[in-house]
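Just below is one structure, and these are the notes that go with it.
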Amino acid sequence: MHFRSDCFLRPWLALATALVLGHSTPAAALECPVYHPSNTDVAIKETRAQAEGLSAMLAARGDRATHSIVNSIRLAHPNASAAEITNFVLTLYCPLVRHNAALSEDQKRERLKAFSAELMKQVSQ
């Protein structure tokens, strides 16, 4: 199933970026979205262990793990929307950036923004 980023994902990306990056005040700490699966049949319902495994994969392999994670989510949840997949992966990645003490708040926001943009490209293919 292919999704067109220009008709569906752009408004969602703007909202997700605003929520994830928060205010542009340099002193504000990065806030991460929390994944709340809905009660629909297409909701991504991963166990805590599965989510932790995917998060560990991101921690170990960084952005290189994204393609594998997106593919595994698509296989496990073929009816999940691009927005649901993107939200789920962002909730896994954001805490890794937020807890990286080597990065300033601005660097954290930039890293998350770049990851978000790349993720949206992958999910929309």
Side-chain angles (χ1 to χ4, degrees):
M1 180 180 302
H2 295 283
F3 297 98
R4 291 194 48 197
S5 62
D6 59 341
C7 63
F8 175 73
L9 297 177
R10 285 186 193 195
W12 191 89
L13 177 60
L15 175 62
T17 301
L19 291 173
V20 169
L21 300 182
H23 302 290
S24 60
T25 307
L30 180 68
E31 292 186 32
C32 293
V34 177
Y35 182 71
H36 296 288
S38 66
N39 293 328
T40 66
D41 291 337
V42 297
I44 297 173
K45 297 176 180 121
E46 299 293 311
T47 66
R48 179 181 288 281
Q50 289 168 321
E52 287 173 356
L54 294 173
S55 185
M57 185 187 302
L58 277 171
R61 295 178 44 209
D63 298 353
R64 296 181 314 262
T66 309
H67 186 71
S68 297
I69 291 171
V70 168
N71 285 340
S72 70
I73 292 170
R74 281 188 173 144
L75 286 173
H77 307 281
N79 294 323
S81 70
E84 288 172 314
I85 294 170
T86 301
N87 185 49
F88 183 75
V89 176
L90 280 174
T91 62
L92 299 174
Y93 184 76
C94 186
L96 300 174
V97 175
R98 184 182 66 213
H99 297 300
N100 186 338
L103 299 174
S104 71
E105 291 301 318
D106 287 338
Q107 290 170 321
K108 291 175 184 181
R109 285 183 179 81
E110 285 303 313
R111 183 161 297 177
L112 200 56
K113 184 177 178 182
F115 178 82
S116 225
E118 183 58 34
L119 177 61
M120 292 303 294
K121 286 180 192 175
Q122 287 183 25
V123 171
S124 66
Q125 293 178 349

Given the rule in the side-chain contact (heavy atoms from CB on, under 4.5 Å) test, do Arg61 and Ser68 qualify, once you have shown the distances and angles that lead to the verdict? CA-CA 11 Å; Arg61 295 178 44 209; Ser68 297; 3.8 Å; yes

Distance-minimising heavy-atom pair for [X] and [Y]:
X	Y	result
Ala59	Leu96	N-CD1, 3.6 Å
Pro95	Cys32	N-SG, 3.5 Å
Ser124	Arg74	N-NH2, 4.2 Å
Asn100	Lys108	O-CE, 3.2 Å
Arg98	Leu30	CD-O, 3.3 Å

Check side chain to side chain contact (heavy atoms under 4.5 Å, CB included) between His67 and all other residues, then give those that pass, not counting sequence neighbours.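 His67 satisfies side chain to side chain contact (heavy atoms under 4.5 Å, CB included) with Asn71, Gln122 once adjacent residues are dropped.
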
For Phe115 and Leu90, what are the C-alpha separation, side-chain angles and deciding distance, and is it a side-chain contact (heavy atoms from CB on, under 4.5 Å)? CA-CA 8 Å; Phe115 178 82; Leu90 280 174; 3.8 Å; yes

So do the side chains of Leu54 and Ser72 get within less than 4.5 Å of each other, counting heavy atoms only?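 They are in contact (side-chain heavy atoms under 4.5 Å apart), so the answer is yes.
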
From [atom1] ([X]) to [atom2] ([Y]), nearest 0.5 Å:
X	Y	atom1	atom2	answer
Ile73	Gln50	CD1	CD	10.0 Å
Arg64	Leu58	CZ	CG	11.0 Å
Leu103	Arg109	CG	CZ	12.0 Å

Go through the structure and list residues passing side-chain hydrogen bond (donor to acceptor under 3.5 Å, both in side chains) with Gln107, not counting sequence neighbours.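 Counting only residues at least two positions away or on another chain, Gln107 forms a side-chain hydrogen bond (donor to acceptor under 3.5 Å, both in side chains) with Ser104.
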
Report the C-alpha separation of Tyr93 and Leu119 in whole Å, then their side-chain angles, then the decisive distance to 0.1 Å, and conclude whether the side-chain contact (heavy atoms from CB on, under 4.5 Å) test is met. CA-CA 11 Å; Tyr93 184 76; Leu119 177 61; over 6 Å; no

